[in-house]
Amino acid sequence: MDYFARTRVRDIISGQKVDQEVIILGWARTKRLSKNVGFVEINDGSSLHNAHVVFSPPADFPELERIITGTSLRVVGKVVEVKGREQAYEVQASQLEIVGDCSPDYPLQKKRHTFEFLRDIAHLRPRTNTFGVINRFRSKLSHCIHQYYQDRGFYYIHTPIITTSDCEGAGDLFQVTTLPLQEIAARAQELDLDEDFFAEKAYLTVSGQLEGELMCTALGDIYTFGPTFRAEQSYTSRHLSEFWMMEPEMAFCDLDEMLILIEDFLKHLISFSLEECPEEMGFFNKWIDKGRQKVLQSIVEADFARVTYTEAVEILKKAGREFEFPVGWGNDLQSEHERFLAEEYFQKPVFVTDYPREIKAFYMRVNDDEKTVRAVDVLVPLVGEIVGGSQREERYDYLKENMIQQGLDIEQYSWFLDIRKYGTVPHSGFGLGFERMIMYLSGMSNIRDVIPFPRFPRSARF
RNA sequence: UCCCCGAUAGCUCAGCCGGUAGAGCAGGUGGCUGUUAACCACCGAGUCGCAGGUUCGAGUCCUGCUCGGGGAGCCA
């Protein structure tokens with residue numbers, strides 16, 4: 001092929017190649033033919049926009065007949081500037097070659113499809129405008145996250161996917177096993193864990209946090225960014241069984257210092273999107289959520305709201321409205337409460353800190369009041385909880401007591417306790433749900449449409 | 001796991017008080033025009049999600065199941 005010789009569509013429509021001959025390798029999105037002139041729009045994945053290729057006269061290009069939406073093509077032609085058209089540049093074709101015919105039953109058409117339909121053809125939906133934009137945006141935002149932390153002296157740590165910690169405090173786990181379960185079940189035998197691959201129960205990770213904590217006591221500032229697995233039976237528009245989470249962990253950092261980092265980080269992601277991804281954000285603003293850009297712009301310019309859990313409860317009590325779930329100190333905040341705080345009361349991202357000890361995980365640092373812990377959730381309109389984090393309990397005795405109270409196997413977590421035994425330091429960390437961040441930035445309302453291959457209960461195709 | 005809504009052509013949908021199936025788009029054929037979600041004409045296309053039930057008769061009413069959507073819980 002002409003892999004190295006070809007010109008990407010992105011570079012053609014930006015005008016870089018005007019008056020030059022180019023080779024385009026891509027897929028037909030739409031074709032319009034008439035007697036004297038014909039048009040084929042070609043997309044090669046490098047941009048939302050298509051290259052407009054002109055065939056004049058169409059009779060000179062018999063292959064045109066075979067082109068339907070989806071056909072893969074090789075085109076040679078000259079880039080010309082045009083006036084008074086939607087597109088600023090076109091390609092006057094001199095050669096046309098069909099690389100791969102497209103069967104007429106191709107499901108994608110030159111019109112809008114519902115996201116529900118596209119989920120059923122997740123192998124083809126990357127070729128649509130929306131998913132092209134989403135996937136390019138995911139890539140850019142991933143890079144941005146790495147850049148942000150690398151620039152600040154954080155190290156990227158690859159924490160394990162397979163773990164034997166069965167209670168990281170974050171929900172149900174997928175068990176990993178090589179035992180022949182069907183045979184064992186057929187013979188009604190007992191499972192012998194000693195025969196299993198790791199000779200003990202193993203799971204897919206629900207968080208890299210515990211390993212992150214220990215790495216930060218060696219490297220200072222670290223972050224993880226990888227897949228995370230939750231086996232809950234969640235059927236909602238904001239939960240996945242497999243999702244990507246970004247988790248920094250900072251030694252010698254308390255909660256208040258971390259809040260400064262979180263706010264700066266989230267604003268950085270927003271600024272990056274607005275400034276460096278105009279094509280994507282323009283698309284979202286036009287087709288997905290009108291007014292998205294304005295909302296994001298206002299977030300960058302204002303401070304996030306900050307309340308303690310106790311203050312939040314007071315606000316909810318005074319809200320003067322009936323909630324389905326009762327508001328009371330000691331109860332966890334329900335979705336409706338979080339939505340009220342973020343969408344109605346503050347109308348911007350809000351930090352909620354210092355939750356009751358009983359409703360939070362064992363590793364969170366206990367406050368002097370002995371009733372609350374140094375936890376933080378960041379709630380945003382539309383998505384809900386986008387960040388969850390805490391200052392970690394760095395005092396050996398407190399941590400051990402918390403673990404016993406919450407019924408953890410001390411023996412299994414001895415390595416986690418050791419960190420507090422050998423030169424312990426205050427440290428803090430949080431987790432950012434990558435897909436939820438994409439939702440927030442794009443305005444996409446279903447998390448299954450912001451990840452290429454969504455996994456959720458009863459669904460792991462493609 | 002619980003609550004609500006839905007499933008009709010490849011896609012998006014209409015189909016009234018139960019009477020035997022329709023439109024746009026897509027595909028095919030022809031025409032026309034520097035077209036741009038192109039346009040015009042014609043053509044083919046359906047086990048009305050599945051299984052029962054009520055009825056002379058069910059896309060339409062009832063029950064169960066499957067799948068999809070929205071919400072709750074869990075959380076990122």
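Worth knowing before you read on, the calculation uses all heavy atoms, side chains too, and leaves out hydrogens, waters and symmetry mates.
With C1' as the reference atom, B:U47 and B:U8 are 12 Å apart, rounded to whole Å. B:A9 sits 15 Å from B:A21 when the P atoms are compared, rounded to a whole Å. Look at the C1' atom in both B:C65 and B:G22: the space between them is 30 Å, to the nearest Å. B:C5 and B:G49 are spaced 16 Å apart, taking the C1' atom of each and rounding to whole Å. For the C1' atoms, the distance linking B:G57 with B:U20 amounts to 9 Å, nearest Å. For the C1' atoms, the distance from B:U1 to B:C74 is 11 Å, rounded to whole Å. With both ends at atom P, the span from B:C40 to B:G24 equals 10 Å, rounded to whole Å. Spacing of C1' atoms, B:C3 relative to B:A38, comes out at 47 Å, to the nearest Å.
Under the Watson-Crick or G-U wobble criterion, with both distances below 3.5 Å, B:C48 is left unpaired in every strand shown. Using N1 to N3 plus N6-O4 or O6-N4 for Watson-Crick, or N1-O2 and O6-N3 for G-U wobble, each under 3.5 Å, B:C2 pairs with B:G71. A 3.5 Å limit on both hydrogen-bonding distances identifies B:A23 as the Watson-Crick or G-U partner of B:U12. The pairing partner recorded for B:C39 is B:G31, the criterion being a Watson-Crick or G-U wobble arrangement whose two distances lie under 3.5 angstrom. Across all strands shown, B:A76 has no partner, as no Watson-Crick or G-U wobble contact with both distances under 3.5 Å is found.
In terms of the salt bridge (charged side-chain N to carboxylate O under 4.0 Å, His left out) criterion, residue partners of A:Arg119 (sequence neighbours excluded) are, by chain and number, A:Asp449. For the side-chain hydrogen bond (donor to acceptor under 3.5 Å, both in side chains) test, no residue two or more places apart in sequence or in another chain qualifies with A:Thr114. Residues passing the side-chain hydrogen bond (donor to acceptor under 3.5 Å, both in side chains) test with A:Gln391, sequence neighbours excluded: none. Shown here are the side-chain hydrogen bond (donor to acceptor under 3.5 Å, both in side chains) partners of A:Ser335, two or more places apart in sequence or in another chain: A:Arg238. With sequence neighbours excluded, no residue satisfies salt bridge (charged side-chain N to carboxylate O under 4.0 Å, His left out) with A:Arg112. Under the side-chain hydrogen bond (donor to acceptor under 3.5 Å, both in side chains) criterion, A:Glu21 pairs with no residue, sequence neighbours left out.
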Pick out the pairs of N or O atoms, protein on one side and nucleotides 67-72 of chain B on the other, that lie under 3.5 Å.
residue: B:C67; atom: OP1; partner: A:Arg458; partner atom: NE; Å: 3.1
residue: B:C67; atom: OP1; partner: A:Arg458; partner atom: NH2; Å: 2.6
residue: B:G69; atom: OP1; partner: A:Arg119; partner atom: NH1; Å: 2.6
residue: B:G69; atom: OP1; partner: A:Arg448; partner atom: NH1; Å: 3.3
residue: B:G69; atom: OP2; partner: A:Arg448; partner atom: NH1; Å: 3.1
residue: B:G70; atom: OP1; partner: A:Asn446; partner atom: ND2; Å: 2.9
residue: B:G70; atom: OP2; partner: A:Asn446; partner atom: ND2; Å: 3.4
residue: B:G71; atom: OP2; partner: A:Ser237; partner atom: OG; Å: 3.0
residue: B:A72; atom: OP1; partner: A:Arg339; partner atom: NH1; Å: 3.1
residue: B:A72; atom: OP2; partner: A:Arg238; partner atom: NH1; Å: 3.3

Every protein N/O within reach of nucleotides 26-31 of chain B N/O, cut-off under 3.5 Å:
residue: B:A26; atom: O4'; partner: A:Gln109; partner atom: OE1; Å: 3.3

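A glycosidic torsion no more than 90° from 0 defines the syn conformation, and B:C17 adopts it.
Between the side chain of A:Lys267 and the backbone N or O of A:Ala302, at least one donor-acceptor pair lies under 3.5 Å.
There is no side-chain donor-acceptor pair under 3.5 Å between A:Gln347 and A:Glu343.
Distances from the side chain of A:Arg436 to the nucleotides B:U36, B:G34, B:A76 place B:A76 closest.
In this structure, A:His49 places its NE2 atom 14 Å from C1' of B:U36, rounding to the nearest Å. If you take NZ of A:Lys83 and P of B:U36, they are 21 Å apart, rounded to a whole angstrom. Rounded to whole angstrom, the span from the NZ atom of A:Lys31 across to the P atom of B:C25 amounts to 17 Å. Straight-line distance from the NE2 atom of A:His113 to the P atom of B:A37: 16 Å, rounded to whole Å. Distance, A:Asp332 CG to B:C74 P: 6 Å, rounded to whole Å. Whole-Å rounding puts the A:Met245 CE to B:C75 P distance at 13 Å. Taking atom CD on A:Glu338 and atom P on B:C75, their separation rounds to 10 Å, with Å as the unit. Residue A:Leu118 contributes atom CG, which lies 13 Å from atom C1' of B:G10 at whole-angstrom precision.
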* To do: Could you check A:Phe137 against A:Phe284 for ring pair (Phe, Tyr, Trp, His ring centres under 6.0 Å), going step by step and ending with a plain yes or no?
  => CA-CA 11 Å; A:Phe137 186 54; A:Phe284 296 140; 5.6 Å; yes
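Residue contacts for A:Ser56: at a heavy-atom cut-off of 4.0 Å it reaches no nucleic acid atom on any strand shown. Using a 4.0 Å heavy-atom criterion, one finds that A:Leu432 contacts no nucleic acid atom at all. Base engagement by A:Gln92 is indicated by at least one non-hydrogen atom pair under 4.0 Å involving a base atom. Nucleic acid contact class of A:Val387 (heavy atoms, under 4.0 Å, all strands): sugar-phosphate only.
When all heavy atoms of A:Leu240 and A:Glu435 are compared, the closest pair comes out as CD1-CG, 4.0 Å.
The phosphate of B:U35 has neither OP1 nor OP2 within less than 4.0 Å of any side-chain N or O from A:Arg32. The shortest distance between the side-chain N/O atoms of A:Thr114 and the OP1/OP2 oxygens of B:U12 is below 4.0 Å.
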What donor-acceptor contacts under 3.5 angstrom involve side-chain atoms of residues 253-260 of chain A, with partners at least two apart or in another chain?
residue: A:Asp254; atom: OD1; partner: A:Asp256; partner atom: N; Å: 3.2
residue: A:Asp254; atom: OD1; partner: A:Glu257; partner atom: N; Å: 2.9
residue: A:Glu257; atom: OE1; partner: A:Asp254; partner atom: N; Å: 2.9

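For an aromatic pair to be called close, the ring centres must be under 6.0 Å apart, and A:Tyr148 with A:Phe265 satisfies this.
Comparing A:Pro107 and A:His52 by the nucleotide of RNA chain B that holds the closest heavy atom to each, the one mapping nearer the 5' end is A:Pro107. Between A:Asp105 and A:Thr30, it is A:Asp105 whose nearest contact on RNA chain B lies nearer the 5' terminus.
Residue side chain A:Phe39 fails the stacking definition with respect to B:G34, as its ring centre and the base's six-membered ring centre are not both under 5.5 angstrom apart and under 30 degrees in plane angle.
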